[in-house]
S.K.: 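So that we are looking at the same thing, I have put the structure below in structure tokens.
Nothing here was measured: the structure is a model prediction, and the numbers come from that model. Labels below follow one simple rule: chain letters A, B, ... track the order of the sequence lines, proteins then strands, and each chain is numbered from 1.
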2 protein chains.
Amino acid sequence: MTPHEAGRTRREKQKAETRTQILESARRLFAEKGYRQATIRDVAGEAGVALGTIFTHFPDKEALLSAALIDELDRDFQRSWETIPVETGIREQMLHLAVEGYRSWLNRSNRDRELLRKICFTQGPARDELKFIDRGAVEQMQRLLDAARLRGEIRSDTDTEIAARTAFSMYLVNILYWLDDYEGDGKAGEHDAAGDKRMEAIVEDTRRFIGLLFRGMGHDTDR
Amino acid sequence: MTPHEAGRTRREKQKAETRTQILESARRLFAEKGYRQATIRDVAGEAGVALGTIFTHFPDKEALLSAALIDELDRDFQRSWETIPVETGIREQMLHLAVEGYRSWLNRSNRDRELLRKICFTQGPARDELKFIDRGAVEQMQRLLDAARLRGEIRSDTDTEIAARTAFSMYLVNILYWLDDYEGDGKAGEHDAAGDKRMEAIVEDTRRFIGLLFRGMGHDTDR
DNA sequence: CGAAAAAGTTGAACATGTTCATTAAATGAA
DNA sequence: TTCATTTAATGAACATGTTCAACTTTTTCG
């Protein structure tokens, strides 16, 4: 909040402040109690506002959850991008992105994963924002592939857009779907054999996926 | 209900009958009013049971929705498989499966799609059943690819399991995610320009995807 | 400057999901 | 056949999401 905020009335500032308070409380309580057990009354109480106030900011409980957590979906993704090895080939880069993503995901508490899964297909106000984040992810991947194409690492006739979308789909379905039975809290450096095992398996799957994506299934005449 | 049902007590029969009544009413009301507007009291009333009875059969509203609709997810998929062209190549078969799936999806009412999207990531009792259906889908696709491999249509070193999973992921993310902004009710042969346009686009995307899957992105040295 | 309008917030009332003590009928063992 | 136990169902009570009339404060405009 900058000292000079042109055009913002006292009211607008106060409303934004109230909204921030609510979101912070919601984030905390959902993480601590889960979606269902954390009531809107809990959130209102902790944020120091009236119950009805929540509904002047968010249309319903699900929208509150989405707003509270939308940034989390972006966070891990961006971190993977920040740590991407730049001096390596496209395969290693793709592997890195996927592996970092899966690692982050599996390192979250089970509750966190549940909450995030819940908002992934939200149909409320956060939908467009979520779409924006995901389109951004696909576009970033596509740019990475475009760069690899320029370097001659992949064939010049590669449809990088579809390739990016394919990788994104595979990643999304893996974390939201096939990994949804893992219930460990691989947090705080805690050793978790089941989590390690799942991590190994998904890394191997990713290698196979990348292998398939590079080799294709067809014969030379398909090229 | 067969005339001779060994081992089934009157109680068991009655309970099953009540459950069926409830599911039928739920299916109808959710389709008519949507998930939120259709109350459990509505369902109980129409099924001719008490409000509390619903909860002796289903742990919560979401579980009721999932149980009411789980078969729908399977239905379209199986229909696509039943109409698959057997005398054609693997590419045409894959295209057929995807196209039929997308067509069915886009031909549903918007409400139907919303309801089905909602249950796709259910975390209630229907989860395992859903997983079973989807694993079945992936396995069927894998068998199709295995057969193509035997016929020599795809290379013998193809990882058909990952290929099947990739195709499945792409399909799932397309219907649940990228097509979620289409709100038309392309039903009863009704002409729908927007639906047609989306259909064209997704068919083209599918061709591109199949193309990528066959050609791969790598150079010959990747093989 | 002051009145009118706007708007953020409130909390009681209401709607709806869920729980659970009670009831009646079915079941199975003696 | 009798009777203790089990179980499907019931509906009032309760918990929680949501609505909305009322209030107070801020903003706008003549």
S.K.: Return the nearest nucleotide to the side chain of A/Thr53; candidates are C/dT18, D/dG17, C/dT10.
M.R.: C/dT10
S.K.: Just wondering, more than 12 heavy atoms not from B/Arg127 lying within 6.0 Å of its CZ?
M.R.: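 Above 12, so yes.
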S.K.: Specify the residue among B/Thr18 and B/Arg41 whose closest nucleotide of DNA chain D lies further upstream toward the 5′ end.
M.R.: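 The answer here is B/Thr18.
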S.K.: Starting at CD of A/Gln14 and ending at P of D/dT24, how long is that distance when rounded to a whole Å?
M.R.: 18 Å
S.K.: Is the phosphate of C/dG8, meaning OP1 or OP2, less than 4.0 Å from a side-chain N or O of A/His57?
M.R.: no
S.K.: Output yes when at least one side-chain N/O atom of A/Arg36 is less than 4.0 Å from OP1 or OP2 of C/dT18, else no.
M.R.: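 Indeed, a polar side-chain atom of A/Arg36 lies that close.
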S.K.: For residues A/Gln14 and A/Thr18, is any side-chain donor paired with an opposing acceptor at under 3.5 Å?
M.R.: yes
S.K.: Choose from D/dA9, D/dG17, D/dT18 the nucleotide whose nearest atom is closest to any side-chain atom of A/Leu51.
M.R.: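 Closest nucleotide among those given: D/dT18.
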S.K.: Rounded to whole Å, how long is the line connecting atom CG of B/Leu64 with atom C1' of C/dG17?
M.R.: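 Result: 12 Å.
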S.K.: Expressed as a whole number of angstroms, how long is the span from A/Leu29:CG to D/dT16:P?
M.R.: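 Interatomic distance, CG of A/Leu29 to P of D/dT16: 13 Å.
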S.K.: To the nearest 0.5 Å, what is the distance between CG on B/Asp159 and CZ on B/Arg165?
M.R.: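 Answer rounded to 0.5 Å: 9.5 Å.
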S.K.: If I take atom CD in residue B/Glu62 and atom P in nucleotide D/dG17, what distance separates them, rounded to the nearest angstrom?
M.R.: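 Value for this atom pair: 14 Å.
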S.K.: If you go through the side-chain atoms of B/Arg10, does one of them form a donor-acceptor pair with the base of C/dA25 closer than 3.5 Å?
M.R.: no
S.K.: What integer distance in Å separates A/Leu65:CG from D/dG17:C1'?
M.R.: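 Those two atoms, CG and C1', are 15 Å apart.
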S.K.: Hey, does the side chain of A/Thr9 come within less than 4.0 Å of D/dT27's phosphate (OP1/OP2), counting only N and O?
M.R.: yes
S.K.: Just the rounded figure in Å: distance from C1' of C/dG8 to CD1 of A/Ile22.
M.R.: 11 Å
S.K.: Quick one: B/Lys15 NZ to D/dT10 P, roughly how many Å, whole number?
M.R.: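 Taking atom P of D/dT10 as the reference, NZ of B/Lys15 is at 12 Å.
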S.K.: Any donor-acceptor pair under 3.5 Å between the side chain of B/Arg11 and the base of C/dA25?
M.R.: yes
S.K.: Could you tell me the separation between the CD atom of B/Glu17 and the P atom of D/dT7, rounded to a whole number of Å?
M.R.: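 Roughly 21 Å, once rounded to whole Å.
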S.K.: Taking atom types as modelled, find out whether A/Ser104 and A/Glu100 have a side-chain donor-acceptor pair closer than 3.5 angstrom.
M.R.: no
S.K.: Look at all strands and tell whether A/Thr39 reaches a base, only sugar-phosphate, or nothing, counting heavy atoms closer than 4.0 Å.
M.R.: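 Touches sugar-phosphate only.
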S.K.: OP1 or OP2 of D/dA8 less than 4.0 angstrom from a side-chain nitrogen or oxygen of B/Thr56, does that happen here?
M.R.: no
S.K.: Are any non-hydrogen side-chain atoms of A/Phe132 and A/Ile70 less than 4.5 angstrom apart?
M.R.: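 No; the side chains remain at least 4.5 Å from each other.
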